Amino acid sequence: MAQVGIIGSGPAGMIAALALAQSGHEVTLIGPPASTTDARSTAIMAPGLRLLGELGVLDTIKAATAPLQTMRIIDGTRRLLRAPVVTFHAREIGEDAFGLNVPNAFLNRTLAQALAGAGVTVQAAAANAVTDQGRAVIVGFGDGETLAFEGVVGADGKDSLCRSAAGIATRQTDLPQSALVGQFSHTRHHNFISNEFHTESGPFTTVPLPGGFASSFVWVVDPQEATRLAALDAGAISLAVEKRMESLLGAVTLDRNAAVQAWPLSGVLARSAAAGNIALIGEAAHRFPPIGAQGLNLTLRDVAELRRVLSENSSPATAFGFFATARARDMAVRYASVMALNRSLLSGLLPVQAARSAGLAMLARFPELRGFVMREGLQPGSGWAGLSQSLRRLSERQDA
Ligand SMILES: Cc1cc2nc3c(=O)[nH]c(=O)nc-3n(C[C@H](O)[C@H](O)[C@H](O)COP(=O)(O)OP(=O)(O)OC[C@H]3O[C@@H](n4cnc5c(N)ncnc54)[C@H](O)[C@@H]3O)c2cc1C
């Protein structure tokens with residue numbers, strides 16, 4: 001079993017620490033405690049929930065979350081070419097729900113509590129130096145202290161120190177967008193539907209919260225508009241949110257005390273998920289705008305793979321080599337597709353809008369294609385298996 005240092009105690013780092021400690025590795029989690037004031041919520045899909053179940057935190061999470069049974073994409077642009085509404089029902093692919101919508105502050109608290117009983121050593125300080133010396137990785141702190149590990153996992157977010165230390169280059173794109181996030185109550189039941197309005201500035205998404213009459217929202221706008229909206233009083237921001245979603249959920253009320261936060265967006269893709277004795281997970285490896293709830297779900301697949309390679313290889317460098325190969329395609333495909341969809345929303349070019357509208361129109365029309373996209377959205381590779389089954393059934397129906 002390996003002696004592993006995980007740098008960064010956001011959701012990625014904490015989940016990796018639980019998974020690796022449970023597999024018997026000697027784990028030290030390094031970093032300031034995760035935020036308990038993060039106003040975002042995260043839609044975690046069924047495969048990711050299975051991992052959280054294995055780590056023993058799913059029951060706690062279930063008690064404070066709402067199932068995501070239906071996802072609806074609505075063209076909220078005022079452009080010449082508008083796409084039809086596309087609705088994805090989890091039952092179309094034989095699932096009760098796509099996943100659960102978990103408030104980030106609650107997720108962070110739950111994970112931190114689970115860590116306490118998991119045998120993980122916690123070093124609640126930021127690392128200021130990481131050096132891969134070949135036989136060991138040395139992690140340094142501001143007070144001069146150092147720790148040595150056989151392998152280090154960088155879960156230290158978008159400006160990752162571990163990524164620089166490993167010499168891993170990135171593809172980076174600054175985006176002219178911020179995500180305004182918060183929670184609101186509404187007078188119509190959400191019926192466990194998540195609505196993603198595609199607008200000229202990016203998506204505006206609502207995701208159901210427990211009880212039926214509360215949802216969280218993510219509103220992607222340009223940074224100046226985000227600052228303006230975040231400064232509005234409760235009545236004005238409630239009205240703005242209600243108007244943006246065309247009163248789909250009735251009258252909207254934002255709690256005056258609830259936080260509304262603006263998160264600047266960017267795209268970051270590490271050229272490799274590992275080098276030498278350092279592996280990268282979460283936003284240290286991939287970051288993109290919040291479209292289709294992909295970010296943390298991709299991270300959960302990073303963690304599952306990390307656990308697998310470290311259980312099959314005693315040397316972290318060998319394990320991390322396999323890890324980089326195994327994660328390359330999933331990371332690149334998610335990054336490229338989310339960035340392309342985001343670009344197609346921002347683009348004023350008619351051919352780009354035509355392509356986006358045509359794609360959504362095909363999805364609205366063909367259940368087999370919707371099934372493919374839903375399965376691929378949940379778990380890469382499973383869409384192809386589902387699509388070939390659907391096509392076989394279709395051709396059998398036509399032959400009969
Ligand atoms: C508005 C918005 C909505 C989103 N919605 C969804 C969704 O519905 N579904 C989904 O799957 N994903 C979603 N995501 C993505 C998801 O939130 C992120 O993938 C996830 O929060 C990133 O977690 P992380 O742990 O990788 O990074 P972070 O949360 O950034 O954590 C990095 C941690 O590293 C620490 N750190 C940094 N440097 C050091 C250092 N030198 N030493 C020690 N510690 C260090 C930081 O303090 C921090 O705690 C969304 C993202 C945004 C912006």
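Keep in mind it's a predicted model, so treat the numbers as computed, not measured. Whatever order the structure lists ligands and atoms in, that order sets their numbers, starting from 1.
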**Report entry** ligand 1 contacted by Ser35 (non-hydrogen, < 4.0 Å)
**Finding:**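 No, that is not the case, since the closest heavy atom of the residue is not under 4.0 Å from the ligand.
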Query raised in the report: Does Ala34 have a heavy atom less than 4.0 Å from any atom of ligand 1?
Result: no
Is there at least one pair of N or O atoms, one from [X] and one from ligand 1, spaced under 3.5 Å apart?
{"X": "Ala43", "answer": "yes"}
{"X": "Pro290", "answer": "no"}
{"X": "Trp263", "answer": "no"}
{"X": "Asn297", "answer": "yes"}

Query raised in the report: Can a donor-acceptor pair be found between the side chains of Thr70 and His89 at a distance below 3.5 Å?
Result: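 Yes, because at least one side-chain N or O of Thr70 sits under 3.5 Å from a partner of the opposite role on His89.
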Requested in this report: Could you verify whether a donor N or O on one side chain and an acceptor N or O on the other, from Arg72 and Ser194, lie under 3.5 Å apart?
Outcome: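 Ser194 and Arg72 do not have a side-chain donor-acceptor pair below 3.5 Å.
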**Report entry** Side chain, backbone, both or neither: Ile281 near ligand 1, heavy atoms under 4.0 Å
**Finding:** neither
**Report entry** Arg40, portion touching ligand 1 at heavy-atom distance under 4.0 Å
**Finding:** side chain
Would you mind listing which atoms of ligand 1 come within a distance below 4.0 Å of any non-hydrogen atom of [X]?
{"X": "Ala179", "answer": "1 (C)"}
{"X": "Gly157", "answer": "32 (C)"}
{"X": "Gly282", "answer": "26 (O)"}
{"X": "Ala126", "answer": "42 (N), 43 (C)"}
{"X": "Ala12", "answer": "24 (P), 25 (O), 26 (O)"}

**Report entry** Working for ring pair (Phe, Tyr, Trp, His ring centres under 6.0 Å), residues Phe213 and His190
**Finding:** CA-CA 6 Å; Phe213 297 94; His190 54 48; 7.6 Å; no
**Report entry** Residue from Asp38, Thr36, Thr37 passing side-chain hydrogen bond (donor to acceptor under 3.5 Å, both in side chains) with Asn104
**Finding:**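 Running side-chain hydrogen bond (donor to acceptor under 3.5 Å, both in side chains) over Asp38, Thr36, Thr37 with Asn104 returns exactly one hit, Asp38.
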Query raised in the report: Does Glu225 CD have over 12 foreign heavy atoms under 6.0 Å away?
Result: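 Atom CD in Glu225 is crowded, with more than 12 foreign heavy atoms closer than 6.0 Å.
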Query raised in the report: Within 4.0 Å of atom 14 (N) of ligand 1 (strictly less), any protein heavy atom?
Result: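 Under 4.0 Å from atom 14 (N) of ligand 1, zero protein heavy atoms found.
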Query - Backbone of Pro67 reached by a side-chain donor or acceptor of Asn101 within 3.5 Å - result: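 Such a contact is absent between Asn101 side chain and Pro67 backbone.
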